[in-house]
Amino acid sequence: MALKDFALGGTTLVSDQGKPNFVLLQRTIDFGVTANSVVSGDTVQCLNVPAGFLSSGAAVEIQTVEATTSAAGTLIQLGDGADVDGYLTTSMCDLSTIATNICNSTSAYGALNGYRGKFYSAADTIDLFPQGTLNGAKVRVGVWGFMLDPGNDVAFGLDGDSA
């Protein structure tokens with residue numbers, strides 16, 4: 001067998017200015033604020049995702065439980081326009097219990113165990129889809145990944161962690 005060396009003369013060193021930037025996009029939403037109340041069938045756009053973002057996973061942190069008595073009212077899905085439960089399915093996140101206050105992403109786009117992700121070639125939003133009325137829960141939604149175009153930092157234009 002012959003040794004085939006493809007490393008000669010073609011290796012590129014990327015400086016820290018040229019590296020993909022790891023980022024966490026997050027927003028806290030308080031459904032207890034009257035103007036923020038949502039019902040089943042609503043689409044709650046939580047996070048703006050710029051073009052060139054490679055997501056590695058997502059999570060929802062339950063900061064205040066939802067006190068609704070509806071059977072499915074405390075269940076949510078997390079995804080985007082292409083797949084409404086791409087990050088979290090209803091079986092993964094129930095806003096009625098603080099005991100499991102972090103709902104982790106292991107579904108279609110999730111990356112906890114499968115190291116999958118989703119590349120956003122165009123700007124999009126991460127959306128929450130309630131299965132019932134939410135008028136008391138407070139959650140922090142986050143998605144993490146890499147900005148593959150490090151010079152595109154201005155694409156984020158985020159104003160912090162509040163809604």
Side-chain angles (χ1 to χ4, degrees), residues 21-148 152-163:
N21 295 324
F22 178 80
V23 294
L24 169 64
L25 306 174
Q26 66 179 1
R27 179 161 310 275
T28 299
I29 302 170
D30 187 350
F31 294 107
V33 174
T34 303
N36 294 348
S37 179
V38 296
V39 298
S40 178
D42 286 350
T43 298
V44 180
Q45 293 182 326
C46 301
L47 302 168
N48 292 318
V49 178
F53 182 71
L54 174 63
S55 72
S56 296
V60 172
E61 176 189 15
I62 304 167
Q63 296 178 339
T64 304
V65 297
E66 178 61 49
T68 186
T69 56
S70 168
T74 58
L75 303 176
I76 64 165
Q77 295 174 313
L78 189 69
D80 56 27
D83 188 351
V84 297
D85 64 355
Y87 290 106
L88 293 171
T89 65
T90 54
S91 65
M92 295 177 179
C93 200
D94 183 347
L95 302 184
S96 70
T97 177
I98 201 86
T100 56
N101 70 329
I102 298 290
C103 306
N104 288 315
S105 170
T106 56
S107 60
Y109 305 154
L112 282 182
N113 301 310
Y115 298 101
R116 294 179 299 263
K118 180 173 181 182
F119 178 69
Y120 290 89
S121 59
D124 202 346
T125 58
I126 303 298
D127 307 323
L128 183 144
F129 300 91
Q131 303 305 295
T133 300
L134 298 180
N135 56 17
K138 182 177 179 182
V139 299
R140 181 169 43 172
V141 178
V143 62
W144 54 90
F146 294 91
M147 195 62 220
L148 296 183
N152 194 20
D153 294 340
V154 295
F156 287 99
L158 300 176
D159 60 358
D161 184 28
S162 61

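Bear in mind the structure is a predicted one, so any value in this text is a computation, not a measurement. Just the heavy atoms: all of them, side chains too, but no hydrogens, waters or symmetry mates, feed the values below. Note that the numbering runs from 1 along the sequence shown for the chain.
- Under the 3.5 Å distance criterion, the side-chain polar atoms of Glu66 are matched with a main-chain donor or acceptor of Ala137.
- When each of Phe53, Phe22, Phe119 is tested with Phe146 by the rule ring-ring contact (aromatic ring centres under 6.0 Å, His included), just one qualifies, namely Phe22.
- Closest non-hydrogen pair, Ala59 versus Ile102, comes out as CB-CG2, 4.3 Å.
- Taking every heavy atom of both residues into account, Tyr87 and Val143 meet most closely at OH-CG2, 4.0 Å.
- For the side chain to side chain contact (heavy atoms under 4.5 Å, CB included) test, residues two or more places apart in sequence or in another chain that qualify with Ala82 are Asp80, Tyr109, Lys118.
- Looking at Val141 and Leu47, their side chains come closer than 4.5 Å, going by heavy atoms from C-beta outward.
- Under the 3.5 Å distance criterion, the side-chain polar atoms of Arg27 are matched with a main-chain donor or acceptor of Cys46.
- We find the CG-OG1 distance between Leu134 and Thr74 to be 8.0 Å, quoted to the nearest 0.5 Å.
- Taking the side chain to side chain contact (heavy atoms under 4.5 Å, CB included) definition, one finds that Ser37 meets it with Thr133, Asn135, sequence neighbours left out.
- With a 4.5 Å cut-off on side-chain heavy atoms, Asp85 and Leu78 do not count as touching.
- Side-chain contact of Asn48 with Thr125: a donor-acceptor pair under 3.5 Å is absent, judged by distance alone.
- For the side chain to side chain contact (heavy atoms under 4.5 Å, CB included) with Leu95, the lone residue among Ile76, Val65, Leu75 that qualifies is Ile76.
- Inter-residue side-chain proximity for Leu128 and Gln77 is flagged as unmet; no heavy-atom pair is nearer than 4.5 Å.
- In this structure, Tyr120 and Leu54 have side chains that are not in contact, with every pair of non-hydrogen atoms separated by 4.5 Å or more.
- Side-chain atoms of Asp127 never come within 3.5 Å of backbone atoms of Thr43 as a donor-acceptor pair (strictly under, hydrogens ignored).
- Taking 4.5 Å as the limit, every side-chain heavy atom of Ser40 sits out of range of all side-chain heavy atoms of Asp42.
- In terms of heavy atoms, Ser121 sits closest to Ala51 at O-CB, 3.4 Å.
- For the pair Ser55 and Val49, the minimum side-chain heavy-atom distance is 4.5 Å or more.
- Inter-residue side-chain proximity for Val23 and Trp144 is flagged as unmet; no heavy-atom pair is nearer than 4.5 Å.
- The two residues Val38 and Pro130 make their nearest non-hydrogen contact at CG2-CG, 3.8 Å.
- You'll find the side chain of Leu88 reaches within 4.5 Å of the side chain of Val60, heavy atoms only.
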Before you tell me yes or no, could you show the steps for Thr28 and Lys138 under side chain to side chain contact (heavy atoms under 4.5 Å, CB included), namely the whole-Å CA-CA distance, both residues' side-chain angles and the distance that decides it to 0.1 Å? CA-CA 7 Å; Thr28 299; Lys138 182 177 179 182; 3.6 Å; yes
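- At least one donor-acceptor pair closer than 3.5 Å links the side chain of Gln131 to the backbone N or O of Phe129.
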